[in-house]
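Okay, structure first, notes after.
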Amino acid sequence: GAGVSQSPSNKVTEKGKDVELRCDPISGHTALYWYRQSLGQGLEFLIYFQGNSAPDKSGLPSDRFSAERTGGSVSTLTIQRTQQEDSAVYLCASSLFSGGASYEQYFGPGTRLTVT
Amino acid sequence: SQQGEEDPQALSIQEGENATMNCSYKTSINNLQWYRQNSGRGLVHLILIRSNEREKHSGRLRVTLDTSKKSSSLLITASRAADTASYFCATARDYGGSQGNLIFGKGTKLSVKP
């Protein structure tokens, strides 16, 4: 079946503009995760959804970052007033169970964001 | 904060040799997972080992877990050029609640030369 998809695959934006990144998880996966990966670094956790609610938003780096999930499916990560330090690959993952960390996470291909 | 730390940061070997990567972590865990990443994009899950397990095998992969030392190792036997990638360990903390995220290390960059 279809895997996790993300769009756009690449996004170049000017500093100060807002961007929206989209994630389509695997159908039926209740848990959805957003991570960020800067060049040559590991993954930084941003936010986790169980259904449409976000029990853990602890990784969001500032109030310019927000995310929502609707219908227990698609999620959108929004970055307002982008800064150059926001440049990174944004990865989305989904997993089948609510205790998602105990199970395999399936990752999308990521969105490469470049803020000029 | 970083939970897992992989060692070495980079590893270069010849095809056919074995590759060993290590991971250390700081807190109690529910499980530890290894992922592979090609070309800085999506990650692929390789293997999951639970805190009450000591060793697990999957094809050419062997993972060990020592909870007393808070460390794990990933062994890839008979490496191939196609194994060239970055390898990350990720830990799931031992919460009783709904904490869902994995904590990733910075990865080991493996290069297998043909």
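Just so we're on the same page: letters track the sequence lines, and every chain starts at 1. Keep in mind that this is a model prediction, so the values were computed, not measured. Reckoned from all heavy atoms, side chains included, excluding hydrogens, waters and symmetry mates.
Within a 6.0 Å sphere centred on CZ of Arg80(B), other residues, nucleotides and ligands contribute 12 heavy atoms or fewer. Few gaps surround CD on Glu17(B); more than 12 heavy atoms of other groups in view lie less than 6.0 Å from it.
One distance of note links CD of Gln105(A) with NE2 of His45(B); it measures 9.0 Å at 0.5 Å rounding. In this structure, OH on Tyr35(A) lies 5.0 Å from CZ on Phe104(B), to the nearest 0.5 angstrom.
In this structure, Leu91(A) is not a member of the same hydrophobic cluster as Ile79(A), with clusters built from ILVMFWY side-chain heavy atoms closer than 4.5 Å. Hydrophobic clustering of Ile, Leu, Val, Met, Phe, Trp and Tyr side chains at less than 4.5 Å, counting indirect connections, unites Val115(A) with Leu46(A). Cluster membership check: Phe45(A) does not share its hydrophobic cluster with Leu21(A), using side-chain heavy-atom separations under 4.5 Å among Ile, Leu, Val, Met, Phe, Trp and Tyr. Grouping the Ile, Leu, Val, Met, Phe, Trp and Tyr side chains by contacts below 4.5 angstrom, directly or via other members, places Tyr87(B) with Leu32(B). Side-chain heavy atoms closer than 4.5 Å link hydrophobic residues (I, L, V, M, F, W, Y) into clusters, and following such links, possibly through other members, connects Phe65(A) to Leu113(A).
Checking side-chain atoms of Tyr48(A) against main-chain N and O of Leu102(B) turns up no donor-acceptor pair under 3.5 Å.
Judged by distance alone, the side chains of Gln37(B) and Gln37(A) do bring a donor and an acceptor atom under 3.5 Å apart.
Under the ring pair (Phe, Tyr, Trp, His ring centres under 6.0 Å) criterion, Tyr106(A) pairs with His29(A), not counting sequence neighbours.
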Evaluate Ile103(B) against Leu43(A) for side-chain contact (heavy atoms from CB on, under 4.5 Å), listing each step before the verdict.
CA-CA 8 Å; Ile103(B) 308 294; Leu43(A) 272 70; over 6 Å; no
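Contacts of residues 4-13 of chain A with chain B at a heavy-atom distance below 4.5 Å involve Ser9(A), Asn10(A), listed in sequence order.
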